[in-house]
Amino acid sequence: MKPEDIIAAVKEHNVEFIRLQFTDITGVLKNVAITVNQLDKALDGELMFDGSSIEGFVRIEESDMYLKPDPDTFMIFPWTNNGSKIARIICDVYDANQEPFIGCPRCTLRRAIQEADEMGYSMKVGPENEFFLFHTGSDGEPTLKTHDKAGYFDLAPVDKGEEARRDMAITLQQMGFEIEATHHEVAPGQHEIDFKYEDALKTADMIATFRYVVRTIAKQHDLHATFMPKPIQGINGSGMHANISLFKNGKNAFYDPEDPNGLSQECYYFIGGLLQHAKAMSAITNPTVNSFKRLVPGYEAPVYIAWSEKNRSPLIRIPAKRETSTRVELRNPDTACNPYLATAVMLKAGLHGIKHKIEPPASIDKNIYNMTPEERKELGIDRLPENLLEALTYLQADGVIQEGLGDHIYKRFIDAKKYEWQSYTEAVHPWEREQYLTKF
Ligand code: ADP
Ligand code: MG
Ligand code: MG
């Protein structure tokens with residue numbers, strides 16, 4: 001969209017506020033709301049804000065930042081706030097010298113996309129987004145109760161969660177999402193909404209928007225939507241499987257009809273790169289203490305670093321479809337990840353595999369969970385980090401993933417996450433009291 005078209009649309013639809021959106025390092029969507037009067041200036045990229053107030057962005061002394069709106073992301077929200085219409089534009093963050101800011105996750109993804117572009121590739125990503133819907137209590141705070149657990153005697157004709165999910169899908173469609181599937185997931189209260197794959201940057205924007213829309217619509221139904229990866233012990237957690245392919249000259253570069261598996265050499269190298277960097281990447285794709293409680297055996301989440309065409313237990317699965325749909329499905333990312341940083345490191349790892357011709361190990365078509373530790377060792381099957389601290393240690397040893405993040409984001413990410421880990425280890429958990437309070 002051209003700036004003048006945006007201004008025309010804003011006038012035509014009586015939009016009162018425009019939210020300029022960007023994400024911080026942790027992936028939380030931030031907003032600077034402006035009125036229509038400031039739109040001209042904003043579209044020219046002249047709008048400044050104080051970056052020191054945003055998590056992990058800058059030191060105080062260099063806090064002047066510019067927001068550069070990406071006009072292609074302009075959109076009017078289908079709902080109103082107290083009767084007024086609101087639009088949004090997603091922005092890149094620029095520094096005081098009018099250069100892309102090194103701490104801007106969206107600019108970081110742009111850098112990885114540029115690297116792919118120089119090799120002739122464009123990355124496509126299709127995410128599978130899972131989340132839980134919980135009731136809010138009489139105090140308005142979220143509970144862990146799900147509607148569909150209400151049981152046999154609940155005579156409500158339609159499940160409240162199902163109704164909310166249908167509303168989410170309709171709203172997303174109004175906002176230009178092509179919804180490919182929506183369904184109830186395995187766990188009570190768990191849902192999944194998949195939308196069609198797109199160019200990497202667009203998909204990352206869509207994931208950020210998606211989370212915002214899902215939370216907003218849930219609230220309208222008096223439900224709390226959470227993207228926390230493992231809210232409840234003993235049932236499945238929420239993942240965000242990433243379907244990834246590279247296109248070259250308009251064709252899927254992962255497809256090769258001559259290969260027995262229908263996969264190109266580039267696809268094998270890309271898998272090789274993903275597997276080689278999987279441990280360090282997990283700090284970004286699974287960035288919370290809680291993330292690693294999902295990555296345990298028994299709940300359809302990956303634990304072991306391997307790839308397969310048939311089995312769903314390894315980290316990477318190759319779905320059966322070929323030609324345009326040829327893709328790798330990376331199964332460990334979760335819904336707490338920053339979509340820009342997660343996509344940037346996945347691309348970086350895969351491109352590293354192509355550049356350095358990293359052959360993946362043989363594919364594993366047996367169920368890895370049923371193997372003995374000796375069998376896994378013999379086949380050279382390693383496991384993902386067991387917790388956030390371990391993942392951070394691998395990230396600190398992986399120059400390729402660090403380069404993908406850039407020095408600024410890498411350092412601030414490590415600092416923030418080390419702090420998170422420290423605060424977690426110092427906390428006394430209910431589990432400990434259950435185990436020890438009466439025993440000792
Ligand atoms: P299936 O029917 O085999 O389950 P779909 O083709 O419907 O799979 O796709 C499942 C997910 O993978 C969707 O998010 C879809 O958009 C995505 N996807 C399909 N083709 C590609 C591709 N070439 N690159 C990236 N993602 C893709
Ligand atoms: Mg699922
Ligand atoms: Mg999947």
Side-chain angles (χ1 to χ4, degrees), residues 128 229-230 236-237 239-244 254 261 263 266-288 291-319 327-334 336-337 341-402 404-405:
E128 300 172 35
K230 183 90 176 186
N236 283 11
M240 193 191 77
H241 297 170
N243 292 273
I244 305 169
F254 280 180
N261 295 321
L263 302 176
E266 287 136 302
C267 182
Y268 288 114
Y269 290 153
F270 197 95
I271 295 169
L274 286 178
L275 293 176
Q276 187 178 87
H277 297 284
K279 290 180 177 179
M281 258 198 311
S282 71
I284 304 295
T285 52
N286 306 83
T288 65
S291 294
F292 291 87
K293 301 190 175 178
R294 169 179 161 254
L295 302 176
V296 295
Y299 301 99
E300 300 180 33
V303 175
Y304 299 106
I305 302 174
W307 71 285
S308 175
E309 282 197 86
K310 300 187 177 73
N311 208 287
R312 281 171 183 268
S313 60
L315 181 62
I316 293 175
R317 182 174 75 98
I318 311 295
R327 61 191 193 266
V328 304
E329 180 191 50
L330 185 68
R331 298 167 53 79
N332 67 319
D334 68 44
C337 75
L341 296 182
T343 310
V345 296
M346 293 187 290
L347 180 54
K348 188 77 187 173
L351 292 180
H352 183 78
I354 293 178
K355 281 182 182 167
H356 297 273
K357 302 191 182 333
I358 301 171
E359 286 284 357
S363 71
I364 306 287
D365 294 331
K366 279 199 297 195
N367 189 333
I368 304 175
Y369 295 109
N370 296 340
M371 293 179 187
T372 63
E374 291 72 33
E375 282 175 294
R376 282 196 289 268
K377 196 158 180 222
E378 214 162 277
L379 291 165
I381 303 173
D382 209 348
R383 61 161 293 155
L384 287 168
E386 290 192 44
N387 57 48
L388 181 61
L389 181 66
E390 206 187 306
L392 293 173
T393 308
Y394 283 109
L395 176 57
Q396 286 179 294
D398 191 323
V400 174
I401 301 303
Q402 287 171 24
L405 295 172

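What you see is a predicted model; the values in this text were computed from it and never measured. Heavy-atom basis, side chains included; hydrogens, waters and symmetry copies ignored.
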Any sub-3.5 Å donor-acceptor pair from E386's side-chain atoms to F292's backbone N or O?
no
Within the structure provided, determine whether D334 and P287 are in side-chain contact (heavy-atom separation under 4.5 Å).
yes
Name all residues meeting the salt bridge (Lys or Arg N to Asp or Glu O under 4.0 Å) criterion together with K355; count only those two or more places apart in sequence or in a different chain, and write none if there are none.
E115
Using side chain to side chain contact (heavy atoms under 4.5 Å, CB included) as the criterion, list what pairs up with D398, not counting sequence neighbours.
H277, A280, V400, I401
For R376, which residues count as a side chain to side chain donor-acceptor pair (under 3.5 Å) partner, sequence neighbours excluded?
Y304
Just verifying a value: how many Å separate T343 OG1 and I244 CD1, rounded to the nearest 0.5 Å?
8.0 Å
I'd like to check E128 versus E329 (side-chain heavy atoms, cut-off strictly below 4.5 Å). Are they in contact?
yes
Do any side-chain atoms of residues 296-303 form donor-acceptor pairs under 3.5 angstrom with protein atoms, and if so which ones, sequence neighbours left out?
none

Would you say S308's side chain and S363's backbone share a donor-acceptor pair under 3.5 angstrom?
no
Nearest 0.5 Å, what's the CZ-CZ distance between F270 and R327?
14.0 Å
Interatomic distance, M281 atom CE to L274 atom CG [nearest 0.5 angstrom]:
5.0 Å
Euclidean distance, L315 CG relative to R331 CZ, rounded to 0.5 Å
9.0 Å
Could you tell me which residues satisfy side chain to side chain donor-acceptor pair (under 3.5 Å) with K357, sequence neighbours excluded, listed by chain and number?
none
Side-chain contact, heavy-atom cut-off 4.5 Å: N286 with P229?
no
Locate the shortest heavy-atom distance separating A283 from L395; write the atom from each residue and the value.
CB-CD2, 4.0 Å
Residues in side chain to side chain contact (heavy atoms under 4.5 Å, CB included) with E266, at least two apart?
Y121, K248, A253, S264, I354
Which atom names give the shortest non-hydrogen contact between L275 and P360, and what distance separates them?
CD1-CB, 4.3 Å
Does R294 have any side chain to side chain donor-acceptor pair (under 3.5 Å) partners at least two apart in sequence or in another chain, and if so, which?
none
Could you give the distance from CD1 (I284) to CE (M346), rounded to the nearest 0.5 Å?
11.5 Å
Does T285 have any side chain to side chain donor-acceptor pair (under 3.5 Å) partners at least two apart in sequence or in another chain, and if so, which?
N332
Heavy atoms, side chains only, cut-off 4.5 Å: are L388 and L392 in contact?
yes
What pairs of residues pass the salt bridge (charged side-chain N to carboxylate O under 4.0 Å, His left out) test when at least one of them lies in residues 358-374, not counting sequence neighbours?
K310-D365
For the student: nearest non-hydrogen atoms of V328 and F254, plus distance
CG1-CE1, 4.3 Å
Locate the shortest heavy-atom distance separating R383 from L295; write the atom from each residue and the value.
NH2-O, 3.9 Å
Test side chain to side chain contact (heavy atoms under 4.5 Å, CB included) applied to E309 - qualifying residues, sequence neighbours left out:
N261, W307, I318, R322
For the residue pair P385 and Y394, establish whether any side-chain heavy-atom pair is separated by less than 4.5 Å.
yes
Partners of I358 by side chain to side chain contact (heavy atoms under 4.5 Å, CB included), sequence neighbours excluded?
Q276, H352, H356
Apply the side-chain contact (heavy atoms from CB on, under 4.5 Å) test between E375 and each candidate in E378, K377, M371; give the one that qualifies.
M371
Who pairs with K230 by salt bridge (Lys or Arg N to Asp or Glu O under 4.0 Å), at least two apart in sequence or on another chain?
none
Rounded to the nearest 0.5 Å, what separates atom CD1 in I305 from atom CG in D382?
5.0 Å
